[in-house]
Amino acid sequence: MKPGLSLRVSQQLSLTPQLQQAIRLMQLSTLELSAEAERMLDENPFLERDDERADREEFGLDAADAGVSEGDLVSERAQDLEADDDAPAASSGDLAEDGWEGDGSAGLAPDDSEWGGEAPARLAGGGPDDDEATDPAGRVAAPETLAEHLLAQTLALRLSPQDMAALRFLIESLDEDGYLHDSLAQLAATLTGEGDDTEQLEELAHRFTLALRLLQSFEPAGVGAHDLTECLMLQLKAMLAETGGDAARRQAVNTALVICALPDALPLLAKRDARRLAKASGATAEQTRAAMQLIARMEPKPGRRFAGVERNIIVPDVIVSLSGAPGQPRLRVRLNADNVPRLRVQQTYARALRGWRGDNREAVAQQVQEARWFVKSIQQRYDTILRVARAIAQRQRSFFIHGELAMRPMVQRELAEELGVHESTISRVTTAKYMATPRGTFELKYFFGSALGTDAGGNTSSTAVRALIRQLIAAESPARPLSDLKLSGLLKEEGIDCARRTVAKYREAMRIPVASLRKK
């Protein structure tokens with residue numbers, strides 16, 4: 001084989017540190033980006049907030065023609081000279097009437113070479129320290145927990161120290177729903193050693209038995225149950241003690257207790273099989289229906305109202321509003337200026353250190369470059385979000401005017417081809433980014449949907465079909481709910497070709513039960 005030389009030209013994508021940082025910032029949510037900006041401000045001394053322009057704009061147009069003193073004029077000229085050397089990004093002045101003025105093409109400053117343009121940027125993914133993070137939701141008074149609510153009720157009891165300790169141990173062993181999943185023998189075994197005798201173990205189990213009876217008498221009713229059946233029966237027994245002289249209600253509670261004691265009560269209740277429940281319990285059909293309605297109003301999770309529900313704050317990134325005449329409204333798409341981090345590179349420190357030739361010059365150059373890249377990446381992020389939001393609003397214009405039924409089919413590939421970006425970019429931009437509209441706040445992914453064929457030869461969006469299914473179910477007769485096959489037939493009458501399995505998939509996605517469970 002004769003050796004030889006040849007030339008070959010090829011293209012390959014190189015993920016530079018700057019590109020990696022831009023991709024990472026693109027997929028962050030608004031709250032995550034705010035935390036990342038706070039982290040960068042703490043770690044990078046060459047990055048600072050750009051609040052000067054926002055402060056000057058607070059005066060508004062009314063003060064635009066106001067007289068200015070000579071001293072203020074000199075001060076403003078000095079500020080303007082400094083602003084010419086600064087590199088602000090994402091400030092409130094960068095937001096035009098209909099959105100963001102930046103195009104994402106802002107390059108590095110002409111003098112970046114003095115700091116080493118090839119200095120790599122750090123791509124740390126950590127957030128701010130927990131002690132320094134400011135959570136608005138954390139300032140709200142913490143709600144009372146289930147354990148605190150139960151421990152408060154123990155203060156009215158006169159128990160020995162051993163019994164009180166056993167009762168507190170059971171309270172601390174409950175899960176967030178109020179259930180005690182471990183048996184009393186297992187709980188007693190956890191407190192005794194291997195060398196302890198059986199008599200001590202039995203004594204501890206006996207104390208737990210007495211403590212459990214006290215716990216199950218506490219409010220909320222049903223707390224301390226081992227399973228759902230016991231939880232329902234505890235609530236029914238508490239309700240029976242409060243019925244007084246109401247004979248009809250007492251009868252319904254007693255029938256419900258008999259039904260809950262059946263071996264297969266829960267599956268029959270889930271299927272709403274009143275006939276088999278009446279036969280198994282020996283009650284009449286009317287009594288069985290009254291008992292089923294009573295059981296349906298029970299709380300399956302006694303500790304639900306004490307559970308600490310995570311407060312997820314949705315902050316819209318884009319705001320869409322309608323203006324103009326009602327017949328021909330005009331859509332206005334703009335960024336939410338309150339969410340845009342107002343950052344800039346601290347040029348005072350940068351200029352002072354340009355002539356420095358110390359041992360740490362490379363580390364300083366890295367921090368300066370990182371600050372500039374971070375500011376530029378934020379600008380590119382909001383440029384792309386605004387472009388995608390405007391393209392979505394243009395394609396889904398009918399939705400903003402008429403609602404879900406007017407939603408058009410649209411996939412991410414079509415939008416990527418229109419904007420000249422990769423489909424993965426559209427996926428990152430539309431994830432955890434929200435749009436506030438006159439019809440509510442939606443994630444950008446909400447506006448994408450597959451197409452279903454119509455008899456007219458066109459296509460309709462799956463979102464519009466789901467909305468139509470929801471309307472048909474809302475208008476159905478409670479005594480004769482519509483089955484999936486019937487819903488499919490009604491859609492075909494509207495000219496929409498939607499199979500029964502597709503209807504079932506959309507119905508389950510909207511968490512609507514089957515027709516047998518909707519029947520009343």
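Start at 1 with the first residue, then count along the sequence.
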Using side-chain heavy atoms (C-beta onward) and a distance below 4.5 Å, is Arg390 in contact with Leu386? yes
Any donor-acceptor pair under 3.5 Å from Gln396 side chain to Phe447 backbone: yes
Evaluate Arg372 against Val375 for side-chain contact (heavy atoms from CB on, under 4.5 Å), listing each step before the verdict. CA-CA 5 Å; Arg372 288 198 172 111; Val375 170; 5.9 Å; no
Less than 4.5 Å apart, side chain to side chain, heavy atoms only: is that true for Leu335 and Val318? yes
Could you pull out every donor-acceptor pair under 3.5 Å between side chains of residues 148-156 and any protein atom, sequence neighbours left out?
from   : atom 1 : to     : atom 2 : distance (Å)
Glu148 : OE1    : Thr145 : N      : 3.2
His149 : NE2    : Gln153 : NE2    : 3.3
His149 : NE2    : Glu219 : O      : 3.3
His149 : NE2    : Glu219 : OE1    : 2.6
Gln153 : OE1    : Glu219 : N      : 3.1
Gln153 : NE2    : His149 : O      : 3.4
Gln153 : NE2    : Glu219 : O      : 2.6
Thr154 : OG1    : Leu151 : O      : 2.4

Check the pair Leu167, Phe218 against side-chain contact (heavy atoms from CB on, under 4.5 Å), reporting the backbone distance first and the verdict last. CA-CA 11 Å; Leu167 181 57; Phe218 284 2; 4.1 Å; yes
Validation: residues 398-405 side-chain donor-acceptor distances under 3.5 Å, sequence neighbours left out:
from   : atom 1 : to     : atom 2 : distance (Å)
Glu404 : OE1    : Arg470 : NH1    : 3.1
Glu404 : OE2    : Tyr446 : OH     : 2.6

Judged by atom type as modelled, is there a donor-acceptor pair below 3.5 Å linking the side chain of Gln186 to the main-chain atoms of Asp182? no
Using a 4.5 Å cut-off on heavy atoms from C-beta on, say whether the side chain of Lys445 contacts that of Ser427. yes
Sub-4.5 Å side-chain heavy-atom contact between Arg381 and Ser377: no
Minimum heavy-atom separation for Met435 and Val320, please, with both atom names. SD-CG2, 3.5 Å
Can you list the steps and then say if Arg518 with Ile512 is a side-chain contact (heavy atoms from CB on, under 4.5 Å)? CA-CA 9 Å; Arg518 301 198 308 268; Ile512 299 176; 3.9 Å; yes
In the structure I gave you, are the side-chain heavy atoms of Leu419 and Ile426 within less than 4.5 Å of one another anywhere? yes
Can you name the closest pair of heavy atoms from Pro316 and Asn336 and give their distance? O-ND2, 3.0 Å
How about Arg428: does its CZ atom have over 12 heavy atoms from other parts shown lying under 6.0 Å from it? yes
Looking at side-chain heavy atoms only, is the closest gap between Leu41 and Leu343 below 4.5 Å? yes
Could you measure the distance from the CG atom of Leu180 to the CG atom of Leu215? Nearest 0.5 Å is fine. 7.5 Å
Other residues, nucleotides and ligands only: do more than 12 of their heavy atoms fall within 6.0 Å of CZ on Arg413? no
Give me the atom names and distance for the closest heavy-atom approach of Pro513 to Arg507. C-NH1, 3.5 Å
Would the distance check show the side chain of Gln216 and the main-chain N or O of Gly224 forming a donor-acceptor pair, the cut-off being under 3.5 Å? yes
Reported CG-to-NZ distance for the pair Leu33 and Lys433, which is rounded to 0.5 angstrom: 9.0 Å
Verify, without hydrogens or angle tests, whether Arg334 (side chain) and Ile319 (backbone) share a donor-acceptor contact under 3.5 angstrom. no
Determine, for Arg305 against Glu299, whether the closest basic-nitrogen to carboxylate-oxygen distance falls under 4.0 angstrom. no
Determine the minimum heavy-atom distance between Val333 and Ala393, stating which atoms define it. CG2-CB, 3.7 Å
So with a 6.0 Å cut-off around CZ of Arg408, is the heavy-atom count from everything else above 12? no
Heavy-atom side-chain proximity of Val429 to Val421 below 4.5 angstrom: no
Between the CG atom in Leu25 and the CD atom in Glu32, the distance rounded to the nearest 0.5 Å is 11.0 Å
In Å, rounded to the nearest 0.5 Å, how long is the span from CG of Leu234 to CE of Met298? 12.0 Å
If I take atom CZ from residue Arg304 and atom CG from residue Asp177, how far apart are they, to the nearest 0.5 angstrom? 7.5 Å
Any side-chain heavy atom of Leu452 within less than 4.5 Å of one from Thr460? yes
What pair of heavy atoms forms the shortest contact from Tyr506 to Ser462, and how long is it? OH-CB, 3.3 Å
Could you check Gln20 against Ile23 for side-chain contact (heavy atoms from CB on, under 4.5 Å), going step by step and ending with a plain yes or no? CA-CA 5 Å; Gln20 294 180 38; Ile23 292 175; 5.9 Å; no
Gap separating the CD1 atom of Ile469 from the CD1 atom of Ile473, nearest 0.5 angstrom: 7.0 Å
Heavy atoms only: give me the nearest Ala371-Phe46 pair and the separation to one decimal. CB-O, 4.1 Å
Could you list the residues that satisfy ring pair (Phe, Tyr, Trp, His ring centres under 6.0 Å) with Phe448, not counting sequence neighbours? none
Between the main-chain N or O of Gln380 and the side-chain N or O of Thr384, is there a donor-acceptor pair closer than 3.5 Å? yes
